[in-house]
There are 2 protein chains.
Amino acid sequence: MAVSNEMAPDEPSTATVDGVVTAVRDGIMQGRYAPGQRLPEADLVSLYQASRGAVRTALAQLESEGIVLRERNRGARVRPISLDEAVEITEARAVVEGLCAAKAAQRITAEEKKSLRALGDELRVAVDEGDVMAYTRVNQEVHRAVRDISRHETAGVMLDRLRTQSVRYHYTVALLPGRPAVGMREHVEVIESVCSGDADRAEQTMRAHLLSVVDALQQLDANLHQW
Amino acid sequence: MAVSNEMAPDEPSTATVDGVVTAVRDGIMQGRYAPGQRLPEADLVSLYQASRGAVRTALAQLESEGIVLRERNRGARVRPISLDEAVEITEARAVVEGLCAAKAAQRITAEEKKSLRALGDELRVAVDEGDVMAYTRVNQEVHRAVRDISRHETAGVMLDRLRTQSVRYHYTVALLPGRPAVGMREHVEVIESVCSGDADRAEQTMRAHLLSVVDALQQLDANLHQW
DNA sequence: GGCAACCAGATTGTTAACAATCTTGGTTAC
DNA sequence: GTAACCAAGATTGTTAACAATCTGGTTGCC
């Protein structure tokens with residue numbers, strides 16, 4: 001069995017098709033399912049107590065989300081994302097989140113400004129205390145907040161897809177020396193420009209931030225080739 | 001029956017799941033299936049000679065592509081796209097195709113420059129002759145060419161999804177008075193800037209072009225409210 | 001020893017029947 | 001005349017059995 005209970009000891013009982021989708025998706029995003037790992041239907045059936053039809057539908061959906069690969073008569077497996085692809089995904093995020101930042105700057109309310117700035121403070125604390133886990137979490141919350149404030153439905157669903165494909169690298173980037181400090185500075189700039197209402201500057205700072213993540217990814221790539 | 005043979009007299013025989021997906025998708029994009037029209041599984045089965053399982057899988061995939069809406073125990077229907085949504089989609093296209101244009105400017109080869117400029121000439125001819133059909137077709141070919149030249153897989157997939165959702169409005173926009181002339185001028189600028197190798201200018205011109213489409217859409221909206 | 005054909009087990013693809021849910025039309029009570 | 005109700009038909013959701021395909025190891029032959 002490719003998927004044993006020891007490897008993914010979660011969500012033990014009852015599941016519909018959506019249940020299986022979220023369970024497997026979370027499993028992939030949290031790294032419990034490794035890239036390239038096989039996902040036999042029978043295993044998922046017994047793991048999540050779902051019917052085979054439900055599992056099958058769920059796998060089809062995950063394939064269309066781009067995080068699962070299926071080959072005819074050969075089953076499904078976790079789709080490996082190369083570093084090149086992670087770069088592409090981040091480039092795409094740069095322009096789409098840039099759009100969100102611009103819209104957010106135009107549409108942000110007083111209340112939203114308060115809670116957005118509060119996230120900036122949380123970020124400072126996390127970096128000061130060297131808490132990488134908290135940094136990564138608040139990091140994502142900032143991006144999520146800008147996405148929500150923008151009220152741009154289309155961009156929102158696009159970002160959901162991109163994020164689920166690339167989260168695996170987020171942890172890796174955050175572990176680069178000095179990265180949290182740089183990322184924090186950039187996020188504060190994004191927050192300030194969005195709150196200022198300057199759409200152009202908000203777009204620029206968000207893009208610059210994500211292009212700096214692209215640089216970090218390529219640096220990671222260089223480090224790997226060095227070994 | 002919501003889907004009669006008279007309304008969609010195409011693809012009469014044999015179909016796998018992919019066959020049904022492309023058939024229905026094309027039907028929606030070409031306007032043979034109207035927005036909101038119901039798509040009962042039984043009808044699709046007899047129309048395309050596919051098994052019900054295949055039809056069911058196809059509908060699930062089309063739902064995830066955002067062009068079909070499904071409600072539990074109430075079946076599937078063609079998802080209506082509002083004008084507001086079309087605006088959002090075009091805004092998203094503006095930034096993603098802007099990215100493609102920038103990458104294309106950096107990566108374009110001598111051969112590709114020739115065929116891209118040839119498309120520009122075709123566009124001039126179509127506008128001179130007042131051939132709206134040809135204009136719309138070449139129009140899409142230009143965007144497709146830039147997308148291909150950019151060699152940006154991730155952006156390409158995103159654009160495929162956005163395009164299938166919004167094609168319905170392309171014809172409408174092209175029918176606005178003076179629109180083909182404006183669009184032609186903008187496309188020529190895009191082509192020239194991409195061929196010049198100036199990534200920033202290529203991105204700017206592509207964005208400007210699609211934002212002008214947004215304006216055209218909103219003008220369309222105003223016309224509708226006037227009636 | 002190496003190679004090719006082959007066989008058994010595992011895994012996925014397909015189909016058909018059954019169950020659950022919704023819609024529609026008519027009927028009845030008020 | 002209207003509104004609530006109910007039953008029949010239509011439509012989708014679920015399950016289980018069967019068929020097709022692939023994988024890995026084994027056997028026989030050169």
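Naming convention: chains lettered A, B, ... in sequence-line order (proteins, then strands); numbering from 1 in each chain.
- One interatomic measurement links the two molecules: CZ of B:Arg56 to P of C:dT15, which rounds to 15 Å at whole-angstrom precision.
- Within the model, atoms CD1 of A:Ile108 and CD1 of A:Ile149 stand 4.0 Å from one another, a figure rounded to the nearest 0.5 Å.
- Residues from residues 60-68 of chain A lying near DNA chain D, meaning a heavy-atom separation below 4.0 Å, are absent.
- Dashed line: the shortest gap from a side-chain N or O of B:Ser51 to OP1 or OP2 of C:dT15 is under 4.0 Å.
- As a whole-Å value, the separation of B:Leu59 CG from D:dT11 C1' is 13 Å.
- There is a side-chain donor-acceptor pair under 3.5 Å between B:Arg179 and B:Ser212.
- Taking atom CZ of residue B:Arg77 and atom P of nucleotide C:dC22, one finds them 15 Å apart after rounding to whole Å.
- Residue pairs that meet the salt bridge (Lys or Arg N to Asp or Glu O under 4.0 Å) test with at least one member in residues 49-66 of chain A, sequence neighbours left out, are A:Arg25-A:Glu65, A:Glu41-A:Arg52, A:Glu41-A:Arg56.
- Rounded to whole Å, atom P of D:dT12 lies 12 Å from atom CD of B:Glu71.
- The residue among A:Asn73 and A:Gly53 whose nearest nucleotide of DNA chain D is located toward the 5' end is A:Gly53.
- For the atom pair B:Tyr169 OH and B:Leu217 CG, the distance stands at 8.5 Å (nearest 0.5 Å).
- The listed nucleotides are C:dC22, D:dT23, C:dT12; the one nearest the side chain of A:Arg74 is D:dT23.
- Taking 4.0 angstrom as the limit, A:Arg70 places none of its side-chain polar atoms (N or O) nearer than this to OP1 or OP2 of C:dT12.
- Residues satisfying the side-chain hydrogen bond (donor to acceptor under 3.5 Å, both in side chains) criterion with B:His143, sequence neighbours excluded, are B:Glu97, B:His187, B:His209.
- Counting non-hydrogen atoms under 4.0 angstrom, A:Arg72 reaches the backbone sugars and phosphates but no base.
- If you take CD of A:Glu41 and P of D:dA16, they are 15 Å apart, rounded to a whole angstrom.
- Of the candidates B:Leu99, B:Val96, B:Thr164, B:Leu159 forms a side chain to side chain contact (heavy atoms under 4.5 Å, CB included) with just one, namely B:Val96.
- Distance CZ/B:Arg93 to CE/B:Met158: 13.0 Å, rounded to 0.5 Å.
- Residue-to-nucleotide contacts include a donor-acceptor pair under 3.5 Å from the side chain of B:Arg52 to the base of D:dG13.
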